[in-house]
Visitor: 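Got a structure here, written out as structure tokens. Questions coming.
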Amino acid sequence: MTTSSVAEAPITSSTPAAAVSEVVYFDGRYVAKSEVHVSPDDRGFLLGDGIYEVAAAYDGRFVALDRHMDRLRRSLVEARIDGDVADPLETVFQELLDRNGFGESGKAMVYLQVTRGVAPRTHAFPKSHPRPTVYAYAASFAAMGDLAAGVGAITRPDIRWSRCDIKVISLIANCMANQEAKEAGAFEAILIRDGVALEGTHTSFFAVVGDVVRTAPLSNLILPGITRELVIEAAERDGIRVVLEPLSVDELQSADEMFITGTTTEVVPIVTLDGNPVKSGSPGEMTKRLMQLYRDAIRV
Ligand code: PDD
């Protein structure tokens, strides 16, 4: 018979290195994670009524933090959550790195979310105008190159809402599709709407057709990925032609290369789609070139 303590948090392989002394930011204060108490009336908890942002830092320096801050402000405006909460948050990103030992070396990400705050459950915004709840933490993430050999992806219908351009915390459709990918032994699900491939459940999606790089244009149907933007800029600086037009389901079958991008995913080749090899089944030359260009752009 084994004994166990229900009060003890399980240590899992995904527990960040700094978990023991983890300092998080909650409602204006830096506190130990164990001291955070979220109200059951928080609209994030009850209604998924909130937005979030994720930024990555290499050796203590954030990649494109200004763009992450701009996207955070835009998410707040579009979700009609008080935008003033964003003002001190740039400092919070940096401070969380420093307070968790990521300030000088290694790779770390900061996750930050803002909900509409605590109020009795109603669909309409609370008349009491509660203070938004702000929570942020830092964690390490896997080294670039871990997935350089490529990953599998599956295609799934995009059942999300039609404001995918706002980085909202209500992610159940993304979670369900990603779980299906995991159950199929794949890393990501590429979401298909109206016959075209839009993006992954937590990544932007690109394909290479001949010598042209293709990805969906910005619209209400995809998140304006910051890594996507950095990769497009790096490609164009290097003379690579990028066309903002999504691949149709038919074109997916014959694409030469595919890859996904994201803040913590970086640039990762897709080598199988729905169980079939993408061309040779190994990372293509253009993808490898873009992986290097992205590394150079963020200088790691
Ligand atoms: N995911 N598309 C979706 C639906 C995303 O959730 C993400 C990011 C991206 C890539 O965006 P960026 O390059 O700005 O990270 C595209 C984050 C990291 C997440 O949910 O954890």
Side-chain angles (χ1 to χ4, degrees), residues 14 16 44 48 50-58 62-75 78-79 93 107-114 135-142 144 147 151 153 155-182 187-193 196-207 215-235 244 246 258-268 270 290-291 293-295 297-298 300:
S14 60
I51 60 94
Y52 75 108
E53 193 51 57
V54 179
Y58 296 81
F62 278 101
V63 175
L65 188 55
D66 49 346
R67 302 192 199 201
H68 286 279
M69 288 303 300
D70 287 349
R71 188 170 66 181
L72 176 71
R73 287 201 174 82
R74 179 179 182 277
S75 295
E78 294 296 324
F93 275 90
K107 291 179 33 154
M109 53 85 97
V110 169
Y111 172 91
L112 183 145
Q113 81 168 45
V114 183
Y135 171 60
Y137 68 86
S140 56
F141 67 99
M144 171 125 54
L147 301 175
V151 297
T155 51
R156 279 295 170 273
D158 191 349
I159 60 166
R160 298 174 302 165
W161 70 333
S162 52
R163 287 306 306 273
C164 301
D165 56 314
I166 315 175
K167 205 161 165 62
V168 293
I169 60 170
S170 4
L171 289 171
I172 187 167
N174 307 55
C175 295
M176 288 173 72
N178 193 259
Q179 178 59 23
E180 287 185 63
K182 293 286 136 62
F187 178 80
E188 180 60 301
I190 306 304
L191 303 173
I192 311 289
R193 195 188 298 234
V196 299
L198 290 172
E199 63 176 341
T201 65
H202 65 305
T203 55
S204 306
F205 174 70
F206 287 77
T215 193
L218 293 185
S219 76
N220 58 313
L221 298 180
I222 65 166
L223 184 81
I226 288 166
T227 320
R228 170 190 177 280
E229 198 172 80
L230 294 172
V231 166
I232 291 172
E233 289 169 7
L244 301 181
M258 292 176 201
F259 62 93
I260 48 177
T261 66
T263 294
T264 52
T265 309
E266 301 166 337
V267 181
V268 169
I270 294 177
L290 289 167
M291 288 165 83
L293 287 173
Y294 180 66
R295 250 186 221 118
I298 63 169
V300 292

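All ligand and atom numbering here is 1-based and tracks the order in the structure. Position 1 is the first residue of the sequence, and the numbers go up from there.
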Visitor: Is there a donor-acceptor pair under 3.5 Å between the side chain of E188 and the backbone N or O of H202?
Guide: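 Yes, E188 side chain to H202 backbone: donor-acceptor pair under 3.5 Å.
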Visitor: For ligand 1, which part of T203 has a heavy atom less than 4.0 Å away: the side chain, the backbone, both, or neither?
Guide: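 Looking at T203 and ligand 1, just backbone atoms fall under 4.0 Å.
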Visitor: Give the atom numbers and elements of ligand 1 that come within less than 4.0 Å of a heavy atom of G225.
Guide: 11 (O), 12 (P), 13 (O), 14 (O)
Visitor: Are any of the N/O atoms on T227, whether in the backbone or the side chain, positioned under 3.5 angstrom from an N/O atom of ligand 1?
Guide: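 N/O-N/O distance below 3.5 Å exists for this pair.
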Visitor: Test your reading of the model: is there a side-chain donor-acceptor pair from S75 to the backbone of I166, 3.5 Å cut-off?
Guide: no
Visitor: Counting only N and O atoms by type, is there a donor-acceptor contact under 3.5 Å from the side chain of K107 to the main-chain atoms of A142?
Guide: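 Checked: pair present.
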Visitor: Name the atoms and distances for all side-chain donor-acceptor pairs under 3.5 Å in residues 215-223, with sequence neighbours left out.
Guide:
from : atom 1 : to   : atom 2 : distance (Å)
T215 : OG1    : F205 : O      : 2.6
S219 : OG     : L221 : N      : 2.9
N220 : ND2    : S162 : O      : 2.9

Visitor: List every atom of ligand 1 that sits less than 4.0 Å from any heavy atom of G200, numbering the atoms from 1 in the order shown and giving each element.
Guide: 4 (C)
Visitor: Give the C-alpha distance, both sets of side-chain angles, the deciding distance and a yes or no for salt bridge (charged side-chain N to carboxylate O under 4.0 Å, His left out) between R163 and D165.
Guide: CA-CA 5 Å; R163 287 306 306 273; D165 56 314; 3.0 Å; yes
Visitor: Nearest protein heavy atom to atom 21 (O) of ligand 1, by residue and atom, and its distance?
Guide: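 Closest protein heavy atom to atom 21 (O) of ligand 1: V54 CG2, 3.9 Å.
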Visitor: Is it true that a side-chain atom of R71 and a backbone atom of P224 form a donor plus acceptor pair closer than 3.5 Å?
Guide: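 Answer holds: yes.
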Visitor: Given I226 and H68, is the side chain to side chain contact (heavy atoms under 4.5 Å, CB included) satisfied, shown in steps?
Guide: CA-CA 7 Å; I226 288 166; H68 286 279; 3.5 Å; yes
Visitor: For K167 and ligand 1, answer yes if some heavy atom of the residue is under 4.0 Å from a ligand atom, otherwise no.
Guide: yes
Visitor: Applying a heavy-atom cut-off of 4.0 Å, say which part of Y52 lies close to ligand 1: side chain, backbone, both or neither.
Guide: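 Y52 to ligand 1: side-chain contact only, backbone stays beyond 4.0 Å.
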Visitor: Considering non-hydrogen atoms of the protein only, which is the closest contact for atom 15 (O) of ligand 1, and what is the distance?
Guide: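 Looking at atom 15 (O) of ligand 1, the protein heavy atom closest to it is T263 OG1, 2.5 Å.
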Visitor: Is I222 close enough to touch ligand 1? Criterion: a residue heavy atom under 4.0 Å from a ligand atom.
Guide: no
Visitor: Can you find a pair of side-chain heavy atoms, one from E229 and one from I232, that are under 4.5 Å apart?
Guide: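 When only atoms from C-beta onward are counted, I232 and E229 do not touch, as no gap falls below 4.5 Å.
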Visitor: Check each heavy atom of L223 against ligand 1 and say whether those closer than 4.0 Å belong to the side chain, the backbone, both or neither.
Guide: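 Looking at L223 and ligand 1, just side chain atoms fall under 4.0 Å.
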Visitor: Against heavy atoms of S204, which atoms of ligand 1 measure under 4.0 Å?
Guide: 10 (C), 16 (C)
Visitor: For E199, what residues pass the side chain to side chain donor-acceptor pair (under 3.5 Å) criterion, not counting sequence neighbours?
Guide: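 Here the qualifying residues are R160.
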Visitor: Ignoring hydrogens, just give me the one of H202, E266, R228 whose non-hydrogen atom is nearest atom 7 (C) of ligand 1.
Guide: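 Residue with the shortest heavy-atom distance to the ligand atom: H202.
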Visitor: Would you say R71 touches ligand 1, if touching means a heavy atom closer than 4.0 Å?
Guide: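 Contact present.
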Visitor: With atoms numbered from 1 as shown, which atoms in ligand 1 lie under 4.0 angstrom from a non-hydrogen atom of E199?
Guide: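 Numbered from 1, ligand 1 contributes 2 (N), 3 (C), 4 (C), 16 (C).
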